[in-house]
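For reference, the structure discussed in these notes is given below.
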Amino acid sequence: MRSSDYLLATLKETPADAEAISHQLMLRAGLIRKLASGLYTWLPTGVRVLRKVETIVREELNRVGAIELLMPMVQPAELWQESGRFEQYGPELAKLNDRHDRTFVLGPTHEEVITDMVRNQISSYKQLPINFYQIQTKFRDEIRPRFGVMRAREFVMKDAYSFHLSEQCLDKTYWLMHQAYTRIFARIGLECRPVAADTGSIGGALSHEFHVLADTGEDAIAFSNESEFAANVEMAEAVAPQTPRPEASQPLQEVATPEAKTIEAVSQQLNIDPQQSVKTLIVHGIATDEQSQPLVALILRGDHSLNEIKAQKLDLVHSPLTFASEAEILAQTGSLPGSLGPVNLNMPIIVDRSACVLADFVCGANKDGYHFTGVNFDRDICNYQVEDIRNVVEGDLSPCGQGQIEIKRGIEVGHIFQLGQKYAKALNAGVLDESGKHEHLNMGCYGIGISRVVAAAIEQNHDKFGIKWPEAIAPFQVVLIPMNMHKSHRVTEVAETLYQQLLGIGVEVLFDDRKERPGVMFNDAELIGIPHAIIIGERNLDEQMVEYKHRITGDKAKLPVDEVLSFLQGKLS
RNA sequence: CGGUAAUUGGCGCAGCUUGGUAGCGCACUUGGUUUGGGUCCAAGGGGUCGCAGGUUCAAAUCCUGCAUUACCGACCA
């Protein structure tokens with residue numbers, strides 16, 4: 001491709017509304033332009049990268065026997081009403097009416113459509129298992145689109161759906177897809193880790209997220225420093241400390257703690273470690289006949305934080321989790337938040353495992369401006385239930401039993417689920433088994449955010465000059481930078497010849513034939529992140545040489561003109 | 001949806017406090033100059049100052065409302 005026939009669209013300055021590095025570089029390198037919030041045009045360079053990611057994904061999915069199809073983005077509302085998600089999915093589901101006033105949705109995902117297709121086309125266990133995928137545009141009306149294409153409303157996704165007679169068969173395909181994903185991200189050249197995940201609203205038995213590790217990632221992931229254990233922080237089990245609870249040695253004592261409303265302030269006033277205190281959070285419970293909005297107390301060690309996902313899974317706790325208002329708390333405890341504690345508290349009490357092993361600790365006295373010291377479970381607090389309700393922190397024991405927890409940040413680029421029979425039952429999709437009995441299908445679904453992979457790759461691979469593409473997804477493999485071509489016949493001749501030769505052997509080459517100064521071309525090539533550069537100038541042509549430079553390693557070499565082709569072939573193979 | 005901020009040519013910004021001819025840099029066009037890391041000079045094209053209403057002889061500037069956008073919190077590929 002000649003620059004003069006192309007749209008490079010590089011920018012010197014960073015548009016003001018781009019915050020994330022990948023977003024800034026995607027705009028500056030001419031990959032994308034914003035049309036509206038969360039909606040982006042992919043410029044030619046961006047599309048080249050997108051297509052490369054898609055190709056790798058296709059090859060690896062085909063390799064494990066998945067078959068490609070393509071479903072509509074606009075889907076009839078009836079299907080979504082049938083699965084129950086028309087209401088359940090919430091405002092992220094964009095709805096629209098056609099001229100006949102029939103309601104449709106813009107597909108945020110395709111479980112309904114694929115299950116509908118399968119229930120009509122598949123009727124025998126002999127046709128199973130089967131695994132379909134598509135690469136297609138999705139629309140989710142995100143509350144807050146951010147970071148460019150990282151969280152856009154419209155985005156490109158690869159979604160696959162497998163169907164099975166038995167759970168065992170589903171499990172087998174699930175792990176096959178797990179392997180395929182691992183290979184995909186390795187081939188793309190990303191440092192990526194599978195992570196045990198919450199199945200969330202989609203439901204189902206087993207789920208893994210695939211995360212590209214990057215400091216700017218939105219998700220926190222807990223790793224063991226000694227084993228392969230990795231789990232989303234919201235999902236990682238906080239194991240009970242190994243040490244048993246010490247004996248009570250202090251009497252229960254009420255002390256004045258004026259103005260101390262936070263764990264930090266109380267700890268400072270009483271000169272104790274926050275680890276020797278507990279905090280009390282009041283949330284809404286499940287409504288009963290007697291009480292329309294009962295309250296539940298959650299007790300955590302002072303330095304720990306509540307894991308809302310774990311808490312809302314408990315029987316006593318209302319889901320989704322909501323905190324009690326100050327008025328509700330005052331009415332039931334006689335105290336405002338800041339002086340709450342589990343002693344003589346007239347509501348169900350749930351104690352975190354780590355708080356439960358404390359002895360002689362500090363907590364609020366349910367009386368404004370007062371705390372208790374020397375508090376002990378079983379002596380001072382009797383009716384309570386012990387659960388895991390906190391977020392893991394660095395240094396915790398790993399729940400796998402090996403090593404300690406480390407927390408790193410990641411960008412979720414893939415997610416696989418064992419859905420089980422949820423959609424098959426809702427949409428009544430089944431087959432006849434060997435004995436002629438009707439069985440609901442077991443289903444797995446597997447997503448990769450193709451456009452997000454592009455952003456994540458940049459987030460993980462950039463420097464102050466621009467993008468450092470992994471070779472496998474670079475928009476071009478080679479850039480030809482001829483200097484002062486318009487003034488030198490020799491440069492023109494060598495550049496044109498090399499360009500034709502490279503095209504001839506199928507190399508994706510950008511020939512920067514603009515009448516620009518060398519510095520401009522160097523900067524653009526580095527910004528766009530093309531891995532291999534060949535620089536052609538009068539100076540080296542005196543010796544029939546050109547210069548080679550590698551974008552990532554910075555390696556430089558002088559090459560005889562007639563060896564460029566074989567040199568590059570060696571580098572690219 | 002809550003909190004914060006912004007909106008002036010394609011991009012980055014100044015001007016607003018104290019109302020009076022809309023400006024700078026980049027990019028673009030033309031001519032010249034320069035040529036191994038974002039040359040320099042000159043001439044030029046391009047703006048309903050987000051929208052609506054109000055105050056005023058006069059509004060980018062003051063007032064009111066609305067819209068859009070970004071960032072921080074709860075969801076997700």
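In what follows, chains are A, B, ... by sequence order, proteins preceding strands, each numbered from 1.
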Query - NE2 (A:His486) with more than 12 external heavy atoms under 6.0 Å - result: yes
Requested in this report: Scan A:Val413 against the nucleic acid and name what it touches under 4.0 Å (heavy atoms): base, sugar-phosphate only, or nothing.
Outcome: sugar-phosphate
Query - Donor + acceptor pair across side chains of A:Tyr6, A:Thr45 (<3.5 Å) - result: yes
Report task. Locate the shortest heavy-atom distance separating A:Arg33 from A:Leu27; write the atom from each residue and the value. Result -> NH1-O, 2.8 Å
Report task. Rounded off to whole Å, could you give me the NE2-to-P distance for the A:His23 and B:C71 pair? Result -> 8 Å
**Report entry** Nearest-angstrom distance from the residue atom CZ of A:Arg153 to C1' of B:C75
**Finding:** 16 Å
Query raised in the report: Can you tell me how far P in B:G23 sits from the matching atom in B:U29, rounded to whole Å?
Result: 23 Å
Report task. Determine the interatomic distance between C1' on B:U33 and the same-named atom on B:A42; round to the nearest Å. Result -> 11 Å
**Report entry** A:Glu68 atom CD, over 12 foreign heavy atoms within 6.0 Å
**Finding:** yes
Report task. Could you tell me whether the phosphate oxygens of B:U39, OP1 or OP2, come under 4.0 Å of any side-chain nitrogen or oxygen in A:Arg517? Result -> yes
Report task. Sort out the partner of B:A5 for me: Watson-Crick or G-U wobble, both distances under 3.5 Å, none otherwise. Result -> B:U69
Query raised in the report: NA contact type, A:Asp219, heavy-atom cut-off 4.0 Å: base, sugar-phosphate, or nothing?
Result: base
Query raised in the report: B:A77 base stacked by A:Phe155? Criteria: ring centres under 5.5 Å, plane angle under 30°.
Result: yes
Report task. Please measure how far the C1' atom in B:C26 lies from the corresponding atom in B:G2, and state the result in whole Å. Result -> 38 Å
Query raised in the report: How far, in whole Å, is B:G19 from B:A59 if one measures between their C1' atoms?
Result: 6 Å
Query raised in the report: If the P atom of B:G50 is compared with that of B:U69, how far apart are they to the nearest Å?
Result: 16 Å
Requested in this report: Answer yes or no: does atom CG of A:Asp542 have more than 12 heavy-atom neighbours from other residues, nucleotides or ligands under 6.0 Å?
Outcome: yes
**Report entry** Between A:His415 and A:His208, ring centroids under 6.0 Å
**Finding:** no
Query raised in the report: Has the side chain of A:Asn484 got a donor or acceptor atom sitting under 3.5 Å from an opposite partner on the base of B:G36?
Result: no
Query - Residue A:Lys95 excluded, over 12 heavy atoms near NZ under 6.0 Å - result: yes
Report summary line: Applying the 3.5 Å cut-off to both distances, the Watson-Crick or G-U partner of B:C24 turns out to be B:G12
Report task. Please work out if A:Met483 contacts a base, only the sugar-phosphate, or nothing of the nucleic acid, heavy-atom cut-off 4.0 Å. Result -> base
Query raised in the report: For the base of B:G37, is there a side-chain donor-acceptor partner from A:Lys549 under 3.5 Å away?
Result: yes
Query raised in the report: Using a cut-off of 4.0 Å on non-hydrogen atoms, how would the nucleic acid contact of A:Tyr89 be classed: base, sugar-phosphate, or nothing?
Result: nothing
Query raised in the report: To the nearest angstrom, how far is A:Arg146 atom CZ from B:C72 atom P?
Result: 6 Å
Requested in this report: Name the nucleic acid region contacted by A:Glu526, choosing base, sugar-phosphate or nothing; use a 4.0 angstrom heavy-atom cut-off, strictly under.
Outcome: base
Query raised in the report: Across the strands shown, which category fits A:Met150 at heavy-atom distances under 4.0 angstrom: base, sugar-phosphate, nothing?
Result: base
Query raised in the report: So which nucleotide does B:G31 pair with, by the Watson-Crick or G-U wobble rule with both distances under 3.5 Å?
Result: B:C41
Report summary line: Walking RNA chain B from its 5' end, the first of A:Ile536 and A:Ala152 to be reached, judged by nearest nucleotide, is A:Ile536
Query raised in the report: With respect to the side chain of A:Arg144, which nucleotide from B:U39, B:G36, B:G73 is positioned closest?
Result: B:G73
Query raised in the report: When the ring planes of A:His23 and A:Tyr40 are compared, do they come out parallel, tilted or perpendicular, using 30° and 60° as the limits?
Result: perpendicular
Requested in this report: Using a 4.0 Å heavy-atom cut-off across all strands, classify A:Pro482 as base, sugar-phosphate, or nothing.
Outcome: nothing
**Report entry** Within the 6.0 Å centroid threshold, strictly below: A:His178 and A:Phe210
**Finding:** yes
Query raised in the report: Looking only at atom P, what distance separates B:C11 and B:C28, rounded to whole Å?
Result: 15 Å
Report task. Give A:Glu538 one of three labels, base, sugar-phosphate or nothing, depending on what nucleic acid heavy atoms sit under 4.0 Å from its own. Result -> nothing
**Report entry** Contact state string [nucleotides 4-14 of chain B, B base, S sugar-phosphate only, - no protein heavy atom under 4.0 Å]
**Finding:** -------BSS-
Query raised in the report: Take atom CD in A:Glu264; do more than 12 heavy atoms of anything else shown fall under 6.0 Å from it?
Result: no
Got a list of protein N/O to nucleotides 27-32 of chain B N/O distances below 3.5 Å?
{"from": "B:A27", "atom 1": "OP1", "to": "A:Lys12", "atom 2": "NZ", "distance (Å)": "3.1"}

Report task. Using a 4.0 Å heavy-atom cut-off across all strands, classify A:His486 as base, sugar-phosphate, or nothing. Result -> base
Query raised in the report: Do A:Arg140 and B:C76 share a donor-acceptor pair, side chain to base, under 3.5 Å?
Result: no
Report task. Confirm from the modelled atom types if A:Arg452 and B:C76 form a donor-acceptor pair under 3.5 Å, side chain to base only. Result -> yes
**Report entry** Most 5' of A:Glu234 and A:Ala20 on RNA chain B, judged by nearest nucleotide
**Finding:** A:Ala20
